[in-house]
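Read the structure below first, then the notes.
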2 protein chains.
Amino acid sequence: MNALNSLTQEELGSAAQRERRKRILDATIALASRGGFDAVQMRAVAEQADVALGTLYRYFPSKIHLLVSALGREFERSQAAMAGKPIPGETPEARVNYVLGRTTKILQKDPNLTEALTRAFMFADASVSTEIHHVGMMLTSVLTEAMGTRTGDAEPTEEEIAIARVIGDVWLSSLVGWVTGRSSATDVETSMSVAVRLLLR
Amino acid sequence: MNALNSLTQEELGSAAQRERRKRILDATIALASRGGFDAVQMRAVAEQADVALGTLYRYFPSKIHLLVSALGREFERSQAAMAGKPIPGETPEARVNYVLGRTTKILQKDPNLTEALTRAFMFADASVSTEIHHVGMMLTSVLTEAMGTRTGDAEPTEEEIAIARVIGDVWLSSLVGWVTGRSSATDVETSMSVAVRLLLR
DNA sequence: GCCATAATAGGAACACGTTCCACTTCCCGT
DNA sequence: ACGGGAAGTGGAACGTGTTCCTATTATGGC
């Protein structure tokens, strides 16, 4: 259907193809986790996934597509792991801070992986917009959910969505500063607290 | 003094060296303006600046250093052009919106250049922190100046600096979305208005 | 089962950032 | 003026993302 975008899960007919795709993403995550963005080399991914280089490019048309797709999968996995559980905190500010703090802590545990995925996200151009949009929506919805009342069935207001977008932007910028070694993990948490306090007052 | 950082203007003794540095940055801007990040090829820069490739790398140890340095020079130039002139607008919100709107308009006029510089900025790692910090400080100070009273001699408060940083982060994220073709120039202006309204209320 | 077509393997080739080397030119201290 | 070290030249070479080509293998319709 679309040669410019990576093959998504659904349009992969055979089980062998879904298996290949999984192997490729697993190899990507493993290499990224070991050595970051630079260690995710297309030849290495192909070899570790036991797939030819040309096949890798058939599934993911660029290194950026590959990494952003891997980011999307990890994000989904992480979201699924905590779906349904209520977010602790009495106020929107407390809950958003909780979510951001926990996520930041997870990312700190695997700096190389975080670096690889964040860099890919920031470097992605329009040809990756589908995958980027997917991740962006997940991020915004996590934040609006944390901001809203915990019943969860009500749609977030326009204002809440706008605030969530701003928080997401600040978070991305801070993350870039961290993964590129320009600021510390503590700096990220501080930035986020400040932004949340300013926006949710 | 520092082999990892690019040679700054001050530590360049001879006039011939300052002239070379200027030619290199001019070539960088010209190529970026014509074809964006990808068009800034080190061989092309060297040739257009009439300098050997090795010399280019002596002045700027990587393509990223080169582009971020060029960004710093352009930023300074633009700041110098409007120094002293009072910023129109009765409220901090209006003044900040004015500054952001004008800057966004300037950037829109040369999308390729903006793309090249923004991408370099987001891709820069710790080895470029000096240059990055330089640009970051200029950006924050432009914003605090717009936020403060127009007398200008008073230092900005901690709160103002924090708000300026958040606005800067949102601006960068939006800019990345724009230069990578994921959002329109109008989207950038909208994002910024929303962020400014939320932060300066 | 058999054929047409698509998918994959395997790997050469190319582009561009980066490094390196041998040689030349410039510039400063004496 | 000159000798020596720093700076510059020109270009080869290397690594990695990307493209491309041919041979082989899987797949789906008859």
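What you see is a predicted model, and the numbers here were worked out from it, not measured in a lab. Every chain is numbered from 1, with letters handed out A, B, ... down the list of sequences.
The side chain of A:Gln17 lies closest to C:dT8, out of C:dT8, D:dT19, D:dG8. Among the nucleotides D:dG17, D:dT9, C:dA7, the one closest to any side-chain atom of B:Thr55 is D:dT9. Of the candidates D:dG8, C:dA9, D:dA13, C:dA9 carries the atom nearest the A:Ala52 side chain, counting heavy atoms from C-beta on.
One can place CE of B:Met42 at 17 Å from P of D:dG10, the figure rounded to the nearest angstrom. Nucleotide C:dG17 holds its P atom 17 Å from the CD atom of A:Gln41, rounded to whole Å. Atom CZ of A:Arg58 and atom P of C:dA9 are 11 Å apart (whole Å). Remark: P of D:dA7 and OH of B:Tyr59 are 9 Å apart, rounded to the nearest angstrom. Here C:dT8 presents its P atom at 10 Å from CZ of A:Arg23, a figure rounded to the nearest Å. Taking atom OH of residue A:Tyr57 and atom P of nucleotide C:dG10, one finds them 18 Å apart after rounding to whole Å.
Between B:Trp178 and B:Pro111, some side-chain heavy-atom pair lies under the 4.5 Å cut-off.
Within 4.0 Å of B:Val45, counting heavy atoms only, lies no atom of the nucleic acid at all. Counting any heavy atom pair closer than 4.0 Å across all strands shown, B:Arg43 reaches a base atom.
Every residue two or more places apart in sequence or in another chain that forms a ring pair (Phe, Tyr, Trp, His ring centres under 6.0 Å) with B:Phe37 is listed here: A:Phe123.
When every heavy atom of A:Glu131 is checked against every heavy atom of A:Ser69, the shortest pair comes out as CG-OG, 3.8 Å.
Looking only at atom types and distance, the side chain of B:Asp187 has no donor-acceptor partner in the side chain of B:Thr190 under 3.5 Å away.
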